[in-house]
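Computed from a predicted structure; not experimentally measured.
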Amino acid sequence: MSVTADRPTTTRDDLVIVDVDVHVNDTPEALAPYCDAPYRRVLEHISTLPRRYLDIPGYALRLAIDLPLPDRGAGARSVHTPQQMREDLDALAVDIGILFPDHLLTMAALPDDVYAAALGRAYNAWLAEEWVSRAEGLYGAVVAAPQDPEDAAREIRRYGALDEFVGVYLPTAGVNPLWGARRYTPIFEAAAEMGLPVMLHSVGLIHAAFPFNVEQFRTILFRHPIQHEFALMANMFSMLESAIPARFPDLRIVFTEGGISWVPFTMWRLDKEYHEYRSLAPLLEHPPSHYIRKFYFSTQPIEEPERPQDLVTMLDMFDGADQVLFASDWPHHDFDHPRQVLNMPFSADAKRKIMGENALALFGIDAPVRAG
């Protein structure tokens, strides 16, 4: 369907707003009580070490090479409690939030597989015990530690049985190998079995794994726009190369924090190569664009072209009105307010779908009942 505006601007009362990317402050001291020995003592010790924003030695890996500009420091925010999150989302007019970690965004880069799996288990237990709540509209994504796919599969089956967990978080920055590798089959089997979408979430990282060589950019101004998109794109290519969507036809796949403008390019480019090298992809029953049109993509950071109608046209290119999900990335410095999407000249139907209806259907969540 077309997403061109053909009705008056949608009002807040017409919408359920589901934010598929909000972040909780998962500090080592918060996770320590839920962590297995001997790593509980490790987390207790790490909690005493000096730290920078989203940069904790031995826990949240980050090579910070940019100048510490005052405006960047002023944008460092974290959400520490469910009560604070609910208040923050209310201020943004967001009804439902899907929770992701802060520090464990970079957990794929941790070299110790046993430690990484222990962190994943501790995070999931902490989120289940202290954060998720249908009454408050706060839902979780199960952390799947790529370092130990079998353990991650057990976590998916354990927490996927709870109504408050509606997805599986696949750490993407620094993941090696990429998510199409056969070693991750247990994770995809478990997610498909439990009916949980897998959600690839990118974050800026300078690391030897893809996307490598970004340290060659002197400033975050030119590094940041490619870190997220390149990591998501590479993992999409990897998942298509190994025919994940054909091998797991019921698995829903979501790409988070890369915007949406890269999607038409990937469809067209991969289709061109597919038609030339069809025999190299024997497990794909259709051209790549067939599968990409069934993937989901979150809006943040939403592109804001000089001519807003260009974004409407681009969304039409991949049936985005049915596949795009609103995300704010709250409380990070570059978060998107819902109005940044609502102000785009989409149709009223497209706005309702993007801002909430697509996510409600994807995650199997009931729309909240508003008072009055």
Side-chain angles (χ1 to χ4, degrees), residues 18 20-21 34 36 96 98-101 104 107-108 113-114 116-129 131-132 134 138-172 175 177-201 232 235-236 238-256 283-286 290-298 322-323 325 358-366:
V18 180
V20 304
D21 183 20
Y34 299 92
D36 302 331
I96 292 170
I98 310 300
L99 307 177
F100 281 88
L104 295 191
M107 70 174 297
D113 58 333
V114 180
L119 285 182
R121 292 193 300 273
Y123 173 86
N124 293 331
W126 171 71
L127 205 68
E129 180 67 25
W131 279 87
V132 295
R134 283 187 293 172
L138 301 178
Y139 292 83
V142 184
V143 165
Q147 295 91 336
D148 190 339
E150 295 287 352
D151 188 75
R154 288 190 291 271
E155 288 291 284
I156 292 168
R157 291 187 173 95
R158 177 180 182 182
Y159 291 98
L162 304 180
D163 291 340
E164 294 83 1
F165 282 82
V166 296
V168 178
Y169 159 48
L170 303 185
T172 302
V175 67
L178 297 171
W179 277 109
R182 291 273 179 170
R183 72 187 302 266
Y184 301 128
T185 294
I187 292 175
F188 298 123
E189 288 178 338
E193 174 189 324
M194 301 304 296
L196 297 180
V198 293
M199 307 180 71
L200 291 85
H201 190 299
L232 292 177
N235 279 283
M236 176 194 283
S238 175
M239 296 173 84
L240 287 167
E241 184 178 47
S242 63
I244 293 292
R247 291 161 49 206
F248 301 97
D250 296 328
L251 182 68
R252 279 83 49 82
I253 303 174
V254 185
F255 295 86
T256 306
L283 296 181
L284 292 183
E285 300 171 352
H286 307 279
H290 170 86
Y291 303 103
I292 294 172
R293 288 180 186 276
K294 296 183 178 182
F295 295 159
Y296 293 83
F297 305 90
S298 73
D322 296 313
Q323 303 305 125
L325 313 166
N358 289 343
L360 292 176
L362 173 66
F363 298 120
I365 299 173
D366 293 329

To the nearest 0.5 Å, what is the distance between [atom1] on [X] and [atom2] on [Y]?
X	Y	atom1	atom2	value
R252	L362	CZ	CG	5.5 Å
E150	T185	CD	OG1	9.5 Å
F255	M236	CZ	CE	4.0 Å
W179	L170	CH2	CG	4.5 Å
R293	D322	CZ	CG	11.0 Å
Y159	L127	OH	CG	9.5 Å

Quick check on E241: does its CD atom have over 12 non-hydrogen neighbours (other residues, nucleotides or ligands) under 6.0 Å away?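 No, because the 6.0 Å sphere around CD of E241 holds 12 heavy atoms or fewer from other groups.
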Can you find a heavy atom in the side chain of [X] that is under 4.5 Å from one in the side chain of [Y]?
X	Y	answer
M239	F188	yes
Y34	R121	no
V18	L325	no
F363	V20	yes
Q323	F295	no
Y169	N124	no
I156	I187	yes
Y296	P197	no

Begin with the C-alpha distance, continue with both residues' side-chain angles, and end with the deciding distance and a verdict on side-chain contact (heavy atoms from CB on, under 4.5 Å) for R157 and M194. CA-CA 7 Å; R157 291 187 173 95; M194 301 304 296; 4.3 Å; yes
How would you list, by chain and number, every residue that makes a side chain to side chain contact (heavy atoms under 4.5 Å, CB included) with [X], sequence neighbours excluded?
X	answer
T256	D21, M199, H201, V254, S298
R158	E155
Q147	L110, D113, A116, A145

Nearest heavy-atom approach of P177 to A181 is CG-CB, 3.5 Å
Atom of G160, atom of V142 and distance for their closest heavy-atom approach: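 Heavy-atom minimum between the residues: N-CG2, 4.4 Å.
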Assess whether side-chain contact (heavy atoms from CB on, under 4.5 Å) is satisfied between I253 and F248, documenting all intermediate values. CA-CA 10 Å; I253 303 174; F248 301 97; over 6 Å; no
Verdict with supporting geometry, I244 and V198, side-chain contact (heavy atoms from CB on, under 4.5 Å): CA-CA 12 Å; I244 293 292; V198 293; over 6 Å; no
